[in-house]
Participant: 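I'd like to ask some things about the structure below.
In this text, all values refer to a predicted model and were calculated from it rather than measured experimentally. The first residue of the sequence shown is numbered 1, and numbering continues consecutively from there.
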Amino acid sequence: MAKQWGFTYIFCNDLDSMKWFYTEILRLKLIWDNNMSIAYKIGEHQLSIAFNEDFNPQSQKFAIQPGWKGGTEPRISWSIECAKKDFIEIVQSVDANDVPKFYNEPQWTGYWSFPILDPMNNTLEITCTEENI
């Protein structure tokens with residue numbers, strides 16, 4: 001039987017800000033929405049975000065990721081690979097909305113790398129492998 005990554009569950013203390021970020025900034029497909037949780041489909045993977053009033057966001061420092069070698073915190077983080085058009089739209093949305101970013105502009109590290117923080121200070125590296133953007 002083949003294996004695949006199915007679900008990731010993360011938590012927040014502000015569901016509205018997370019919904020805004022993942023819907024408006026990252027432009028992910030919202031597949032579930034109620035007053036306690038939201039979920040997005042990313043390829044065949046589902047990202048679920050649940051509200052918990054006791055959740056404490058991490059510091060506004062970037063996680064260590066081997067690809068771009070810039071973060072300082074040893075904690076969980078993830079990357080989202082995008083087509084050229086989507087990558088450019090996300091970068092423009094980040095810039096227009098003062099989303100915390102590690103670089104002022106994407107960096108080529110064998111792929112385009114653009115690390116950002118979501119509203120709970122999770123590190124997401126937005127990537128694109130198309131060299132000419």
Participant: Not counting sequence neighbours, which residues clear side chain to side chain donor-acceptor pair (under 3.5 Å) with S48? List them please.
Facilitator: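 Scan of S48 (side chain to side chain donor-acceptor pair (under 3.5 Å), adjacent residues dropped) gives Q46.
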Participant: Quick one: salt bridge (charged side-chain N to carboxylate O under 4.0 Å, His left out) pairs with a partner in residues 6-22, sequence neighbours left out?
Facilitator: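 Applying salt bridge (charged side-chain N to carboxylate O under 4.0 Å, His left out) to every pair that reaches into residues 6-22, excluding sequence neighbours, yields K19-D33.
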Participant: Starting from V99, can I reach I49 by hopping between I/L/V/M/F/W/Y residues whose side chains sit under 4.5 Å apart?
Facilitator: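 In one cluster with I49: V99, yes.
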Participant: When rounded to the nearest 0.5 angstrom, what distance separates CG in L124 from OG in S77?
Facilitator: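 If we round to the nearest 0.5 Å, L124:CG and S77:OG are 8.0 Å apart.
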Participant: So, for E44 and Q4, which heavy atoms are closest and what is the spacing to 0.1 Å?
Facilitator: CB-OE1, 4.3 Å
Participant: Would S59 and R75 count as a side chain to side chain contact (heavy atoms under 4.5 Å, CB included) if you check the C-alpha gap in whole Å, the side-chain angles of each, and the deciding distance to 0.1 Å?
Facilitator: CA-CA 11 Å; S59 68; R75 61 185 190 213; 3.6 Å; yes
Participant: Does I42 reach the side chain of L28, with side-chain heavy atoms less than 4.5 Å apart?
Facilitator: yes
Participant: Cluster question for you: counting only ILVMFWY and a side-chain heavy-atom cut-off of under 4.5 Å, with indirect links fine, are F114 and L117 together?
Facilitator: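 No, no single cluster joins them.
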Participant: Do F51 and I31 land in one hydrophobic cluster if side-chain heavy atoms of ILVMFWY residues count as linked below 4.5 Å?
Facilitator: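 No, F51 does not connect to I31 through the hydrophobic network.
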Participant: What residues, two or more places apart in sequence or in another chain, satisfy side chain to side chain donor-acceptor pair (under 3.5 Å) together with E73?
Facilitator: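 Applying side chain to side chain donor-acceptor pair (under 3.5 Å) to E73 gives none.
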Participant: Using links of under 4.5 Å between side-chain heavy atoms of ILVMFWY residues, direct or through other members, which residues join F7 in one cluster?
Facilitator: Y9
Participant: Who are the side chain to side chain contact (heavy atoms under 4.5 Å, CB included) partners of T8, not counting sequence neighbours?
Facilitator: W5, I10, H45, L47
Participant: For P57, enumerate each residue passing the side chain to side chain contact (heavy atoms under 4.5 Å, CB included) test, keeping only those at least two apart in sequence or located in another chain.
Facilitator: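 Here the qualifying residues are N13, F55, M120, N121.
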Participant: Residues two or more places apart in sequence or in another chain: which of them pass ring pair (Phe, Tyr, Trp, His ring centres under 6.0 Å) with F102?
Facilitator: F62, W68
Participant: By side chain to side chain donor-acceptor pair (under 3.5 Å), which residues pair with D118, not counting sequence neighbours?
Facilitator: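 Expected list: Y22, N122.
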Participant: Name all residues meeting the side chain to side chain contact (heavy atoms under 4.5 Å, CB included) criterion together with S79; count only those two or more places apart in sequence or in a different chain, and write none if there are none.
Facilitator: Q65, E125, T127
Participant: Calculate, to the nearest 0.5 Å, the distance between atoms OH and CD1 belonging to Y40 and I80 respectively.
Facilitator: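 Atom-to-atom, Y40:OH and I80:CD1 are 11.0 Å apart.
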Participant: Would a distance-only check, ignoring hydrogens and angles, find a side-chain to backbone donor-acceptor pair under 3.5 Å from K61 to G71?
Facilitator: no
Participant: Mind checking what makes side chain to side chain contact (heavy atoms under 4.5 Å, CB included) contact with N34, not counting sequence neighbours?
Facilitator: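 Checked N34 against side chain to side chain contact (heavy atoms under 4.5 Å, CB included); matches are W32, M36, S37.
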Participant: Taking atom CD1 as the centre, does I76 end up with more than 12 heavy-atom neighbours from other residues, nucleotides or ligands that are less than 6.0 angstrom away?
Facilitator: no
Participant: Can you list, pair by pair, the side-chain donor-acceptor contacts under 3.5 Å of residues 85-92, counting residues two or more places apart and other chains?
Facilitator:
| residue | atom | partner | partner atom | Å |
| --- | --- | --- | --- | --- |
| K85 | NZ | E89 | OE2 | 2.9 |

Participant: What closest approach, in Å, do P106 and W112 show between heavy atoms, and which atom pair accounts for it?
Facilitator: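 Here P106 and W112 meet closest at O-CZ3, 3.6 Å.
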Participant: Side chain of W78, backbone of T123: donor and acceptor closer than 3.5 Å?
Facilitator: no
Participant: Enumerate the side-chain hydrogen bond (donor to acceptor under 3.5 Å, both in side chains) contacts for residues 97-109, please, sequence neighbours excluded, ordered by first and then second residue.
Facilitator: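 Matches after skipping sequence neighbours: D95-K101.
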